[in-house]
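Pasting a structure here, questions to come.
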Amino acid sequence: MARWWRPELGLAVVVLALGVFVVVGTLDVSAAASRLGLGPRFFPMLVGGAMVLIGVFYVIDVLRGGAGDPEESEDADAGAPTDWRSVGLVSGVFLAFAALLDVLGWVIGASLLFFGLSVVLGAEHRLRAAVVAVVLGVTTYLLFVKGLGVSLPAGPLGGVM
């Protein structure tokens with residue numbers, strides 16, 4: 001088993017499985033087609049089908065001996081140890097965001113997410129990071145809710161936004 005199993009094959013199988021998951025999940029969507037004939041299943045089926053196709057070709061390539069190129073970047077040290085503290089802090093920020101999203105709403109939650117990630121990843125100017133985080137939180141909320149019609153939790157700012 002160790003002879004044919006490589007990390008590239010794991011990624012190929014994950015891409016293939018996600019594609020199948022998207023296609024199967026899209027089959028349950030039922031809604032009328034739009035005036036152009038493209039219903040709500042068109043784009044998910046397109047993306048899922050592309051992922052299945054790419055996954056199949058990727059699996060075939062890996063099984064035939066294909067391998068990813070080794071890291072050759074000047075900015076990355078492939079031999080450096082993993083910074084588990086940063087990994088834990090980033091994971092904690094994401095988990096806190098997921099846990100508090102319904103309570104805080106998108107604008108406050110996303111702003112705290114963006115600010116927390118910037119601080120964990122080494123932002124030197126915290127005031128600027130906070131301002132950018134709030135701008136990103138408000139902008140993404142307005143783009144999704146007003147521009148795309150997607151429902152995001154408003155939280156305590158429900159009457160304001």
Residues 124-136 side chain polar contacts: donor-acceptor under 3.5 Å, at least two apart:
unit_1	atom_1	unit_2	atom_2	d
His125	NE2	Arg128	NH2	3.0

**Request:** First locate atom CD1 of Ile108, then atom CG of Leu113, and finally report the distance between them rounded to the nearest 0.5 Å.
**Result:** 13.5 Å
**Asked** In the single-linkage hydrophobic clustering (I, L, V, M, F, W, Y; side-chain heavy atoms under 4.5 Å), do Val14 and Val47 co-cluster?
**Response** yes
**Ser151 and Val145, any side-chain heavy atoms less than 4.5 Å apart** = no
**Request:** Measure the spacing between CZ of Phe114 and CZ of Phe97 and express it to the nearest 0.5 Å.
**Result:** 7.0 Å
**Message:** Please evaluate residues Val20 and Met51 with respect to the criterion side chain to side chain contact (heavy atoms under 4.5 Å, CB included), reporting the C-alpha separation (whole Å), side-chain torsions for both, the decisive distance (0.1 Å), and the verdict.
**Reply:** CA-CA 8 Å; Val20 169; Met51 288 178 69; over 6 Å; no
**Complete:** Scanning both residues in full, the closest heavy-atom pair of Leu101 with Pro153 reads CG-CG, 3.8 Å
**Prompt:** Val56, Val24: one ILVMFWY side-chain cluster at the under-4.5 Å cut-off?
**Reply:** yes
**Request:** Calculate, to the nearest 0.5 Å, the distance between atoms CG and CG belonging to Leu9 and Asp61 respectively.
**Result:** 10.5 Å
**Prompt:** Honestly curious: do Trp106 and Phe94 fall in one hydrophobic cluster under the side-chain, below-4.5 Å linking rule?
**Reply:** yes
**Prompt:** Do Tyr58 and Leu16 come within less than 4.5 Å of each other through their side chains, counting heavy atoms only?
**Reply:** no
**Request:** Please answer: with hydrophobic residues joined when any side-chain heavy atoms are less than 4.5 Å apart, are Leu142 and Leu152 in the same cluster?
**Result:** yes
**Item:** Least distance between heavy atoms, Pro156 atom then Leu104 atom
**Value:** CD-O, 3.2 Å
**Message:** If hydrophobic clusters are built from ILVMFWY residues whose side chains come within less than 4.5 Å, do Val93 and Leu121 share one?
**Reply:** yes
**Message:** Please report the interatomic distance CG(Leu100) to CG(Leu112), rounded to the nearest 0.5 Å.
**Reply:** 8.5 Å
**Request:** Measure the spacing between OG1 of Thr26 and CG of Leu46 and express it to the nearest 0.5 Å.
**Result:** 10.5 Å
